[in-house]
Protein chains: 2
Amino acid sequence: MPVTAAAAEPPVEPAWRQRAVERSTRAAKLRAEQRVQRFLESAQELIAEKGTTDFTVQEIVDRSKQSLRSFYQHFDGKHELLLALFEDALATSAAEIREASAAESDPVEALRVAVELLFRQSHPDPGVQRPLFSDFALQLLVKHPAQVATAHLPILMIFSDLIEQATEAGAVVPGKPRRQANLVMQTIMFAAQANGVPADSHASPVTAEEVWQFCLNGISTASTAAPAKASASKKR
Amino acid sequence: MPVTAAAAEPPVEPAWRQRAVERSTRAAKLRAEQRVQRFLESAQELIAEKGTTDFTVQEIVDRSKQSLRSFYQHFDGKHELLLALFEDALATSAAEIREASAAESDPVEALRVAVELLFRQSHPDPGVQRPLFSDFALQLLVKHPAQVATAHLPILMIFSDLIEQATEAGAVVPGKPRRQANLVMQTIMFAAQANGVPADSHASPVTAEEVWQFCLNGISTASTAAPAKASASKKR
DNA sequence: CCTGCGATGAGAATAGCCTTCTCTTCAGAT
DNA sequence: ATCTGAAGAGAAGGCTATTCTCATCGCAGG
């Protein structure tokens, strides 16, 4: 078994060689990225058109005028492609939320704006489907929770920040912003998702306003430290 | 085209014939139910063993010592079977919750018990997997929300009742119990589900206690009617 | 110009599933 | 005893993702 040559040996590796290789490589990398981009765009078109992530790999390939061979050269599989789109969508979403909430001076208002915007974004709107937020996100939640957590991170951070600011402003009692943000985020996203469709007639969908009130109250006194030996009811 | 004979004609339909047919039928129905039962039990065993709903129909068939032919005679497909198990599981869950909470005299305590029990039940425990609550439930949520709503109904009722009682006891301010119950239920179930696995190391799972506090506060002042022109922050 | 190599295209082949179909067999009702 | 409908056995169909084969193509180095 020979010693690993290309692992970590800058001293014996002539710099010119590296540069040469790098130059050779750059062009190829660019082409590859363009191909990847075409796959991604085709996939997004299909999602927009079919309102589902149930298209076939073949469809992506056909639409992007490329080949299966190439697809699997660039992606580990359909799953990886969807994951890429998913993270992208959430990052975009996060950016929008951050921007919208930054426009508010009052911390509580900022939080409210963020909550309502996220609610709308997560809502299965008739007209503009967002299968990446429903379809795929839930699948992912079961099979690869860690990836979901990663993808949620940007949004989580925003809410964490907003809650912290609201706390500092004295609008809500101190708690653990990160954990509170977690609960708030999940409540919003799932409530929007689960109540998006009429389902049974006797249950009208939950509104953004309701979710907002629920969450605001929810974090207003979230005591987490107390061991609470079932004596929670008589605290204070 | 002959007139429909067996549709709805009690007057011309001799009673003895009905009884005769009924008698003929009963035995067959029993046998059918036994077969269905065997399928269901085999499926549950598989779920318990594999911790997933990803078993094949063939496996169910083999284990139950029956045939594919028979399986599709009794179920519309794998989906229907899972749905049956799902509803059953939730109904059982509901019964447990109702029983546990009924043991508490204080309405708030009763609600707390219910929340924590549902949380535990929805939690992907290492050891006792409950794929019906995660795996399948989420799939269903995307494709057949109405069926999920139906299956959730029993549990929803319980929480609705509990909240109402707590309200009457003056423990929480009046709101819309049904809608509040909806939010509470979803928050609990999804929080348990999403935070069951470690995911990323920097985020320790949410605890039952946290969820309880969050929900209790959440419904403690859920004003839904007021247009709330951002004046919410200065309540009381 | 030529040559070799890695990336592509085109599409066949593989594999895993659910679901349906055909052909028998069998149990129970009349 | 016969007839009918349910059930067993297993092949066949259909749909996908994924892999494999072979022919091309673009391009950097000789």
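On a predicted model such as this, the values are computed, not experimentally measured, just so you know. A note on names: the letters A, B, ... follow the listed sequences, proteins ahead of strands, and every chain is numbered from 1.
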Send over the distance from [X] [atom1] to [N] [atom2], rounded to a whole Å.
{"X": "Q58(B)", "N": "dG16(C)", "atom1": "CD", "atom2": "C1'", "result": "12 Å"}
{"X": "Q66(A)", "N": "dC25(D)", "atom1": "CD", "atom2": "C1'", "result": "15 Å"}
{"X": "I60(A)", "N": "dT18(D)", "atom1": "CD1", "atom2": "P", "result": "10 Å"}
{"X": "E33(A)", "N": "dT8(C)", "atom1": "CD", "atom2": "P", "result": "12 Å"}
{"X": "L81(A)", "N": "dT16(D)", "atom1": "CG", "atom2": "P", "result": "17 Å"}
{"X": "L30(A)", "N": "dG26(D)", "atom1": "CG", "atom2": "P", "result": "18 Å"}
{"X": "L68(B)", "N": "dC18(C)", "atom1": "CG", "atom2": "P", "result": "9 Å"}
{"X": "F75(B)", "N": "dA6(D)", "atom1": "CZ", "atom2": "C1'", "result": "16 Å"}

To the side chain of [X], which of [options] is closest?
{"X": "T56(A)", "options": "dA9(D), dC18(C), dT16(D)", "value": "dT16(D)"}
{"X": "S70(B)", "options": "dT20(C), dA17(D), dA7(D)", "value": "dA7(D)"}
{"X": "R69(B)", "options": "dA9(D), dA12(C), dT19(C)", "value": "dA9(D)"}
{"X": "Q73(A)", "options": "dA7(C), dA6(D), dG8(D)", "value": "dA7(C)"}
{"X": "R35(B)", "options": "dG9(C), dG8(D), dC18(C)", "value": "dG8(D)"}
{"X": "R31(A)", "options": "dT19(C), dG11(C), dC27(D)", "value": "dC27(D)"}

Residues [X], [Y]: salt bridge by 4.0 Å N-O rule:
{"X": "K50(A)", "Y": "E59(A)", "value": "yes"}
{"X": "E33(B)", "Y": "K29(B)", "value": "no"}
{"X": "K78(A)", "Y": "D54(A)", "value": "no"}
{"X": "R98(B)", "Y": "D161(B)", "value": "yes"}

Comparing K78(A) and H74(B) on DNA chain D - which has the more 5′ nearest nucleotide
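Result: H74(B).
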Y72(A) vs dT18(D): side-chain N/O to OP1/OP2 distance below 4.0 Å
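True: Y72(A) side-chain N/O within range (under 4.0 Å) of dT18(D) OP1/OP2.
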Taking any heavy-atom pair under 4.0 Å as a contact, classify F71(A): base, sugar-phosphate, or nothing.
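Nothing, no nucleic acid heavy atom in range.
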Would you classify F55(A) as touching base, sugar-phosphate or nothing, given that sugar-phosphate means primed atoms plus P, OP1 and OP2, and contacts are heavy atoms under 4.0 Å?
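Sugar-phosphate, backbone atoms only, no base.
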Is a donor on one side and an acceptor on the other found under 3.5 Å between the side chain of T150(B) and the backbone of A146(B)?
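Answer holds: yes.
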